[in-house]
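The structure presented is a predicted model; accordingly, all values stated were derived computationally and were not measured. Each ligand, and each atom within it, is numbered from 1 in the order the structure gives.
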Amino acid sequence: MKQSPIGVFDSGIGGLTVLREITNLLPSESTIYLGDTARVPYGSKSKETIERYSFEIARFLQKHGVKMLVAACNTASAYAVPKLASVLDIPVIGVIEPGARAAVAATTAKRIGVIGTEGTIKSNSYVNAIKRLCDGGAFDIVEHGKKSFDRYFEVKPGKDVVIFTKACPLFVPLVEEGWTDDAVTRIIAERYLTGLKDEGIDTLVLGCTHYPLLKNTISSVMGSGVSLIDSAASTAAEVKKTLEDSGLLSDSKKASHRFFVTDSPERFMTVGRRFFGDRLGNAELSVLSE
Ligand code: DGL
């Protein structure tokens with residue numbers, strides 16, 4: 001079991017940012033990555049659909065003998081991880097809890113922004129995770145109406161933490177297009193983020209697989225006083241801790257990495273190099289039912 005691979009999945013290519021952190025931190029671990037490129041994007045789909053897709057992928061990865069499952073996709077983490085974790089007999093980790101924990105640790109002003117896909121923001125998963133971390137969730141969340149961002153929440157009492165959330169759906173296609181440092185992306189980032197900036201947040205959770213690739217642009221809009229939280233790095237640390245705690249850390253000298261996609265391996269290979277660099281091996285096509 002120790003030498004079995006870690007299964008990592010995402011709606012497509014973006015989860016390679018999480019895989020990159022896992023393989024950097026745990027070079028002895030073998031991995032199997034599944035990018036559901038035929039059905040991307042997940043960010044605009046319903047909870048029921050995302051749960052169904054995630055269970056199909058989990059079954060596929062379990063057939064390949066994974067010892068642990070990591071949902072690298074924020075939307076799948078928000079909608080499907082609680083159910084996957086309660087049903088599967090292997091450890092299941094998503095990116096929401098680790099990202100929320102890093103945000104709570106980083107904030108000094110206690111004004112946290114969260115950006116993500118429509119699904120992730122609508123699910124309130126980050127807000128609820130931050131609430132759980134503040135005094136074990138004993139506080140109520142007070143939700144306020146719309147302003148220039150989507151919503152904001154006060155974790156009471158005493159207005160201890162204020163959380164501002166904003167869906168940024170155009171960021172994903174911009175990254176896929178490779179326009180990570182581009183004038184167009186900068187204009188869109190200003191449009192999405194100015195409201196959060198005006199609220200004086202000091203911490204911003206990059207709650208989507210693709211957003212770490214926009215760090216330069218996002219940081220130049222928000223200013224150097226705002227810490228950007230990339231859930232990828234904190235998720236990798238959580239994977240390591242879970243493997244240690246369950247005695248599943250690999251001591252292999254030869255780690256292998258397999259990549260599966262549900263549509264065109266060619267496109268995955270081209271765009272995926274931007275996320276994972278030259279270590280990206282050849283991707284194999286899977287229709288999930290095999
Ligand atoms: N992987 C998704 C996420 O992190 C972004 C892309 C999509 O919408 O499928 O939420």
Can you check whether Phe260 and Phe60 have ring centres sitting under 6.0 Å from each other? yes
So if I count the atoms of ligand 1 from 1 in the order they appear, which ones are less than 4.0 Å from some heavy atom of [X]?
X: Cys208; answer: 3 (C), 4 (O), 5 (C)
X: Asp10; answer: 1 (N)
X: Val40; answer: 9 (O)
X: Gly43; answer: 7 (C), 8 (O), 9 (O)
X: Ser11; answer: 1 (N), 2 (C), 6 (C), 7 (C), 9 (O)

Ignoring hydrogens and geometry beyond distance, is a side-chain donor-acceptor pair present between [X] and [Y] at under 3.5 Å?
X: Ser231; Y: Tyr126; result: yes
X: Thr117; Y: Thr75; result: yes
X: Ser44; Y: Glu118; result: no

Between Phe259 and Tyr33, what is the ring plane arrangement, given parallel below 30°, perpendicular above 60°, and tilted in between? tilted
Could you label the plane-to-plane angle of the Tyr42 and Tyr53 rings as parallel, tilted or perpendicular, counting under 30° as parallel and over 60° as perpendicular? tilted
When rounded to the nearest 0.5 angstrom, what distance separates CD1 in Ile112 from OG1 in Thr165? 12.5 Å
Nearest-neighbour protein heavy atom for atom 10 (O) of ligand 1, which is reported as residue plus atom name and distance: Thr75 OG1, 2.6 Å
For ligand 1, which is the ligand I care about here, please tell me if Tyr42 has any N or O atom under 3.5 Å from one of the ligand's N or O atoms. yes
Considering only heavy atoms, which of Cys73, Gly116, Ala71 lies nearest to atom 2 (C) of ligand 1? Cys73
Answer with side chain, backbone, both or neither: which part of Thr209 has a heavy atom less than 4.0 angstrom from an atom of ligand 1? both
